[in-house]
Amino acid sequence: MSDVKLDDIVSLAKRRGFIYPGSEIYGGLAGTYDYGPLGVTLKRNITNLWWKMFVQDREDMFGVDSTIIMNPSVWRASGHVDTFNDPLIEDIKTKKRYRLDHLLEDQGIEGVDAMTLEQMAALVKEKDIKSPDGNELGAPAQFNMMFKTHVGPVENDESVAYLRPETAQGMFTNFKNVVDSFYPDIPFGLAQIGRSFRNEISPGNFIFRLRELEIMELEYFIYPGEWEDIFEKWLAAQHEWFRLLGLDEHIKEHEVPKADRAHYSKRTVDCFFEFPSLGFQEVAGLAYRTDFDLKSHQEKSGKNLEYRPKDGGEAFIPHVVEPTFGLDRNVMAVLCNAFTVDEINGEKRIFLKLPAHLAPVKVAVLPLAKNKPELVAKAREIYAMLKQELGAVMWVDTGNIGKNYRKMDEIGVPYCVTVDFDTLEGDTKDSVTVRNRDTTQQQRISIGDLKNVLSHDA
RNA sequence: GCGAGUGUGGUAUAGCGGCUAUUACUCCAGUUUUCCAAACUGGCUACAGGGGUUCGACUCCCCUCACUCGCACCA
């Protein structure tokens with residue numbers, strides 16, 4: 001793993017149809033990547049697994065799918081309009097950039113949060129504030145990480161709306177709706193998988209930091225007194241998730257220290273995966289958000305978001321434990337983890353050791369020789385049968401058999417089914433060769449048993 | 001956004017102010033081939049985009065876009 005470079009994986013992902021740079025024929029667009037035929041299936045296998053584990057298989061979960069464009073008040077209540085707006089200023093000499101508000105606070109100036117950019121700029125002049133290196137500072141600039149658009153035909157300040165930078169708020173805004181519809185017992189949760197948009201200052205590292213990304217997220221509403229136990233349960237659930245992805249042995253949990261946490265969070269644990277070339281990077285996080293979000297929405301919206309327990313207990317604003325998974329980062333981790341190099345007959349082999357339940361193609365069917373019509377016909381027959389049974393089955397009849405095996409290895413197909421002359425007649429009539437991707441071992445299996453054997457793993 | 005660097009077929013690469021732009025693999029078609037990238041024949045595909053200098057630019061200059069590293073950011 002150590003000598004594998006991220007570039008090798010990026011190349012394979014593009015060459016074989018997993019992930020392409022966005023808008024490529026026009027020179028691309030920074031921070032965007034498109035999923036190709038195999039990538040979209042891999043991604044969908046992951047989201048389906050997630051939805052099954054966290055929503056379908058549980059009694060206490062409710063799925064939602066909220067809009068990307070929301071009432072801008074949502075983002076004022078959540079704090080994003082403020083916190084996504086960073087005033088930056090540049091040291092003219094060293095060209096380093098600093099948070100202007102932090103510089104002012106370091107000078108003991110108070111009330112910085114309430115100041116406009118102009119007011120802060122004026123203070124820099126007035127107090128002759130220098131950079132930490134003692135140099136002159138340039139003009140400050142505002143960095144807003146939220147994408148803006150306009151709702152309706154008129155483009156003015158009143159019509160400004162934002163593309164959501166996270167999916168969480170769509171769940172908080174639907175909290176009341178779901179309670180009204182189902183009145184679930186607490187604890188219960190809302191779940192959502194969806195796109196988010198962040199105008200990153202420096203996107204990059206393949207699909208690690210994107211401007212348009214997908215998040216799989218849960219908001220789990222609880223009694224405040226129970227948060228510690230529930231937090232532990234979700235830590236275990238997160239671990240179980242990474243076990244299902246085959247990543248658990250490469251995941252490191254990181255207890256985020258108080259100073260680095262959002263001010264409303266009492267505990268945050270991030271999950272890191274070790275990527276080639278990048279080292280350990282965050283792929284998921286678990287945060288106890290207290291009642292910060294619902295409370296803020298109750299204040300700003302003027303709507304009562306309290307929950308009244310069915311046993312007649314006192315109404316209260318539920319607290320929230322929030323597990324978040326970066327979908328694209330999970331896909332990338334699965335790809336990186338699967339990327340394997342070994343040797344067959346002294347020849348280097350690159351293959352994707354994808355877990356069978358995630359592999360975009362489960363089985364490939366190939367005739368031993370492509371120009372023998374009777375072989376091809378029999379193979380087509382088996383292909384049709386398996387395709388109906390398993391869905392994700394690929395037909396391969398180009399090149400020679402060894403080449404096709406390698407090609408299927410490279411896209412992570414767990415099993416190849418080869419139809420040869422012994423399938424047509426003789427002692428082993430009606431049996432085929434099943435070749436295992438990881439071991440390259442072959443096994444003779446009768447056609448009748450084929451779908452049982454293959455669907456066992458898939 | 002700033003600084004530095006890079007940009008040649010799908011991938012990885014060679015090259016030069018001037019011939020039809022090199023090579024390998026991939027891909028496609030055909031011959032061959034009875035189980036691990038065999039061989040042979042043929043074919044498709046590239047100088048990131050735009051402008052300038054020049055008789056002539058892939059090569060030199062400018063702008064744009066993208067990528068890499070560093071700064072900053074990571075809500």
Side-chain angles (χ1 to χ4, degrees), chain A residues 5-8 10-17 20-32 36 75 78-100 102 133 138 140-146 165-166 168 196 198-206 208-209 256 260-265 270 277 281-282 285 287 324 326 343-351 366-372 375 398-410 416-424 432-437 439-442 444:
Chain A
K5 301 227 166 43
L6 184 57
D7 283 345
D8 299 333
V10 175
S11 277
L12 184 142
K14 186 182 177 199
R15 196 158 36 87
R16 290 300 185 191
Y20 308 117
S23 315
E24 203 192 3
I25 62 170
Y26 288 102
L29 177 68
T32 64
W75 305 112
S78 69
H80 283 87
V81 171
D82 296 327
T83 58
F84 267 60
N85 252 313
D86 292 335
L88 295 185
I89 197 159
E90 192 178 273
D91 179 321
I92 289 179
K93 215 167 186 176
T94 65
K95 302 288 186 188
K96 286 188 186 176
R97 295 199 157 223
Y98 301 94
R99 286 273 298 266
L100 176 52
H102 291 175
D133 291 330
Q142 199 73 250
F143 271 69
N144 193 332
M145 303 245 304
M146 276 199 290
E166 61 169 38
S196 297
R198 299 173 185 186
N199 207 350
E200 293 286 351
I201 293 173
S202 58
N205 290 326
F206 194 38
F208 185 80
R209 183 166 284 116
V256 180
D260 296 341
R261 290 198 298 261
H263 62 278
Y264 50 77
S265 174
D270 289 336
S277 306
Q281 298 288 341
E282 187 181 348
T324 304
E343 237 177 57
I344 299 184
N345 306 331
E347 196 103 31
K348 184 174 147 191
R349 175 176 77 135
I350 289 172
F351 70 109
L366 31 154
L368 187 59
K370 64 179 167 180
N371 56 355
K372 297 282 189 262
L375 271 190
T398 55
N400 65 54
I401 191 73
K403 206 171 202 176
N404 288 334
Y405 283 155
R406 299 299 179 83
K407 206 191 292 185
M408 293 302 101
D409 287 344
E410 224 179 3
C416 287
V417 170
T418 304
V419 176
D420 57 26
F421 293 97
D422 293 339
T423 309
L424 301 177
V432 293
T433 302
V434 174
R435 182 260 194 185
N436 181 296
R437 174 196 66 198
T439 63
T440 75
Q441 296 297 308
Q442 316 202 63
R444 200 75 198 174

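Everything quoted here is computed from the prediction, not taken from an experiment. Order of the sequence lines fixes the chain letters, A, B, ..., with proteins taken first and strands second; residue numbering starts at 1 for each chain.
For the residue pair A:Tyr405 and A:Thr440, no side-chain donor N or O sits within less than 3.5 Å of a side-chain acceptor on the partner.
Partners of A:Lys14 according to the salt bridge (charged side-chain N to carboxylate O under 4.0 Å, His left out) rule, which considers only residues two or more places apart in sequence or in another chain, are A:Glu24. With sequence neighbours left out, A:Asn371 forms a side chain to side chain contact (heavy atoms under 4.5 Å, CB included) with A:Ala369. Partners of A:Arg444 according to the salt bridge (charged side-chain N to carboxylate O under 4.0 Å, His left out) rule, which considers only residues two or more places apart in sequence or in another chain, are A:Asp420. Under the rule for a side chain to side chain contact (heavy atoms under 4.5 Å, CB included), A:Ser11 has no partner lying at least two apart in sequence or in another chain. The salt bridge (charged side-chain N to carboxylate O under 4.0 Å, His left out) test applied to A:Arg349 returns A:Asp342, A:Asp409, not counting sequence neighbours. Scored by the side-chain hydrogen bond (donor to acceptor under 3.5 Å, both in side chains) test, A:Thr32 finds no partners at all (sequence neighbours excluded). Scored by the side-chain hydrogen bond (donor to acceptor under 3.5 Å, both in side chains) test, A:Lys407 finds A:Thr398 as partners (sequence neighbours excluded).
Comparing the same atom, P, in B:U6 and in B:G10 gives a spacing of 23 Å after rounding to whole Å. Between the P atoms of B:A29 and B:U23, the separation comes to 23 Å (whole Å). A distance of about 42 Å separates the C1' atoms of B:G42 and B:G5, rounded to the whole Å. A distance of about 13 Å separates the P atoms of B:G17 and B:C58, rounded to the whole Å. Nucleotides B:C63 and B:C47 have their P atoms positioned 23 Å apart, rounded to a whole Å. The same atom, C1', is picked in B:C60 and in B:U22; the two are 23 Å apart, to the nearest Å. Here the separation of B:C19 from B:C71, taken at their C1' atoms, is 48 Å to the nearest Å. For the P atoms, the distance from B:U26 to B:A66 is 33 Å, rounded to whole Å.
Shown here, B:A12 forms a base pair with B:U23; the pair counts as Watson-Crick or G-U wobble because both key distances fall under 3.5 Å. With a cut-off of 3.5 Å on both pairing distances, B:A72 has no Watson-Crick or G-U wobble partner at all. The partner of B:A48 is B:U64, judged by Watson-Crick or G-U wobble contacts that both fall below 3.5 Å. In this structure, B:A57 forms no base pair with any nucleotide, since neither Watson-Crick nor G-U wobble geometry is met with both distances under 3.5 Å. The base-pairing partner of B:C40, taking Watson-Crick or G-U wobble contacts with both distances under 3.5 Å, is B:G30.
Whole-Å rounding puts the A:Asn404 CG to B:U34 P distance at 15 Å. Look at CG on A:Asp8: it is 11 Å from C1' on B:U11, rounded to the nearest Å. In this entry the distance linking CG of A:Leu366 with C1' of B:A37 reads 14 Å, nearest Å. One atom, CE of A:Met146, and another, P of B:C74, lie 15 Å apart when rounded to the nearest Å. A:Asn199 places its CG atom 15 Å from the P atom of B:C74, with the value rounded to the nearest Å. With rounding to whole Å, A:Tyr20 atom OH is found 13 Å from B:U11 atom C1'. Atom-to-atom, CE of A:Met145 to P of B:C74 comes out at 8 Å; the value is rounded to the nearest Å. We find that CG of A:Asn436 is positioned 13 Å from C1' of B:C36, with the value rounded to whole Å.
Between A:Leu366 and A:Cys416 the shortest side-chain heavy-atom distance falls below 4.5 Å. In this structure, the side chains of A:Thr418 and A:Arg435 stay at 4.5 Å or more apart for every pair of heavy atoms.
Between A:Asn400 and the phosphate of B:A38, there is a side-chain N or O to OP1/OP2 separation shorter than 4.0 Å.
Among the nucleotides B:A37, B:U11, B:U34, the one closest to the side chain of A:Lys14 is B:U11. Of the listed nucleotides (B:U34, B:C71, B:C35), B:C71 has the atom at the smallest distance from the side chain of A:Ser202. When each of B:C36, B:C35, B:U11 is scored by its nearest atom to the side-chain atoms of A:Ser11, the top-ranked nucleotide is B:U11.
The shortest heavy-atom contact between A:Pro165 and A:His80 is CG-CD2, 3.7 Å. Here the shortest heavy-atom pairing between A:Leu6 and A:Ser277 reads N-OG, 3.0 Å.
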Distances under 3.5 Å between nitrogen or oxygen atoms of protein and nucleotides 24-32 of chain B:
from, atom 1, to, atom 2, distance (Å)
B:C27, OP1, A:Lys407, NZ, 3.0

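Counting any heavy atom pair closer than 4.0 Å across all strands shown, A:Glu24 reaches no nucleic acid atom. Among the protein residues, A:Arg435 comes within range of the nucleic acid bases, having at least one heavy atom under 4.0 Å from a base atom.
Toward the 5' end of RNA chain B, the nearer of the two residues A:Arg209 and A:Glu347, judged by each one's closest nucleotide, is A:Glu347.
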Treating primed atoms plus P, OP1 and OP2 as sugar-phosphate and everything else as base, which nucleotides of nucleotides 62-68 of chain B get B, S or - for protein heavy atoms under 4.0 Å? ---SSSS
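Within 3.5 Å, no donor on the side chain of A:Asn345 pairs with an acceptor on the base of B:C36, nor the reverse.
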